[in-house]
Amino acid sequence: MIHLASQSPRRLELLRQIGVEPGVLDVDVPELRLPGEAPADYVNRVAREKAGAGLLQVVARPGAVVIGADTEVVLDEEVFGKPADQAAATAMLARLAGRTHRVISTVWAVSAARELHAQSVSQVRFAALDAAAIAGYVATGEWRGKAGGYAIQGRAAAFIEHLEGSYSGVMGLPLCETAGLLRAFGGVNGEW
């Protein structure tokens, strides 16, 4: 059985989109970047730690495969993370406005016998945004719990001038890469 080491409704929705109905695991992994850690290495490490924490919960179940993922917004090598409050969300969106940033999304698939991972890097260009547009978006609350303070699948779609890469990766789980990992695990009993 496939398990998702995340409480993210977006990741669950994305897995269901490709026909996977995972068990959902609640994992508590600190998302703290180490000094000097490159953004891609940070995202990779956190995703692996989530998958590993999930595996510890189900390792005794035969055939258990755990998916762990992390997604971060990166501008000028700064990892934005999730804004703590409205002021932080406003500041993040103001910095992203009119610029191109990277969204790094890494997914790990782990079992008792093996582990594989894949990383997706997307380039997202925001339109120029004035203070009123940013304030209006922040007032919706959609920014809560979102890396970079926005949801591409929500109202922030109106801010995206250009996307090069994986739409689902920007949402939080790159589906092409995830499906490839699951195929490498045999689709778990030949189906998913």
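All values reported here derive from a predicted model rather than from experimental measurement. Position 1 is the first residue of the sequence; numbering continues from there.
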For residues [X] and [Y]: do they belong to one hydrophobic cluster (side chain heavy atoms under 4.5 Å, members Ile, Leu, Val, Met, Phe, Trp, Tyr)?
{"X": "L14", "Y": "V65", "result": "yes"}
{"X": "V46", "Y": "V107", "result": "no"}
{"X": "F159", "Y": "L75", "result": "yes"}
{"X": "V58", "Y": "I67", "result": "no"}
{"X": "L4", "Y": "F185", "result": "yes"}

Note, [X] side chain near [Y] side chain (heavy atom, < 4.5 Å):
{"X": "R33", "Y": "P39", "result": "yes"}
{"X": "Q57", "Y": "H3", "result": "no"}
{"X": "R16", "Y": "L12", "result": "yes"}

Minimal non-hydrogen separation, [X] against [Y], with atom names:
{"X": "E142", "Y": "Y137", "answer": "OE1-OH, 2.6 Å"}
{"X": "A64", "Y": "S111", "answer": "O-CB, 3.4 Å"}
{"X": "G54", "Y": "L25", "answer": "O-CD1, 3.5 Å"}
{"X": "I152", "Y": "A157", "answer": "O-CB, 3.3 Å"}
{"X": "A51", "Y": "V110", "answer": "O-CG2, 3.6 Å"}
{"X": "A184", "Y": "R114", "answer": "O-NH1, 2.7 Å"}

Looking only at atom types and distance, does a side-chain atom of [X] sit under 3.5 Å from a main-chain N or O of [Y], one as donor and one as acceptor?
{"X": "R125", "Y": "I160", "value": "no"}
{"X": "S122", "Y": "S166", "value": "yes"}
{"X": "S105", "Y": "T71", "value": "no"}
{"X": "S168", "Y": "L175", "value": "yes"}

From [atom1] ([X]) to [atom2] ([Y]), nearest 0.5 Å:
{"X": "M171", "Y": "R11", "atom1": "CE", "atom2": "CZ", "result": "10.5 Å"}
{"X": "D76", "Y": "R99", "atom1": "CG", "atom2": "CZ", "result": "4.0 Å"}
{"X": "L15", "Y": "T178", "atom1": "CG", "atom2": "OG1", "result": "6.5 Å"}
{"X": "Y167", "Y": "Q153", "atom1": "OH", "atom2": "CD", "result": "5.5 Å"}
{"X": "L32", "Y": "E37", "atom1": "CG", "atom2": "CD", "result": "10.0 Å"}

_Residues I104, Q119; criterion side chain to side chain contact (heavy atoms under 4.5 Å, CB included); working and verdict_ = CA-CA 7 Å; I104 302 171; Q119 189 167 79; 3.6 Å; yes
_Using the rule side chain to side chain contact (heavy atoms under 4.5 Å, CB included), only one of L55, L56, V59 pairs with V66; which is it?_
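By the side chain to side chain contact (heavy atoms under 4.5 Å, CB included) criterion, V66 pairs with just one of L55, L56, V59: L55.
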*Which residues share a ring-ring contact (aromatic ring centres under 6.0 Å, His included) with W108, sequence neighbours left out*: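 With neighbours one apart ignored, the set is H117.
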_Pair listing, ring pair (Phe, Tyr, Trp, His ring centres under 6.0 Å) test, anchored in residues 53-107, at least two apart_ =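 Found H101-F126, H101-Y150.
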*Assess whether side chain to side chain contact (heavy atoms under 4.5 Å, CB included) is satisfied between D70 and T106, documenting all intermediate values.*
CA-CA 6 Å; D70 190 48; T106 299; 5.7 Å; no
*CA sep, side-chain torsions, deciding dist, call: R45, D41, side chain to side chain contact (heavy atoms under 4.5 Å, CB included)*: CA-CA 6 Å; R45 177 179 57 80; D41 294 340; over 6 Å; no
*Going through the distances and angles, do M92 and E78 end up as a side chain to side chain contact (heavy atoms under 4.5 Å, CB included)?*
CA-CA 11 Å; M92 285 181 186; E78 181 182 345; over 6 Å; no
*Determine the sole option in E77, Q123, E72 for which the side chain to side chain donor-acceptor pair (under 3.5 Å) test with R102 is passed.*
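By the side chain to side chain donor-acceptor pair (under 3.5 Å) criterion, R102 pairs with just one of E77, Q123, E72: E77.
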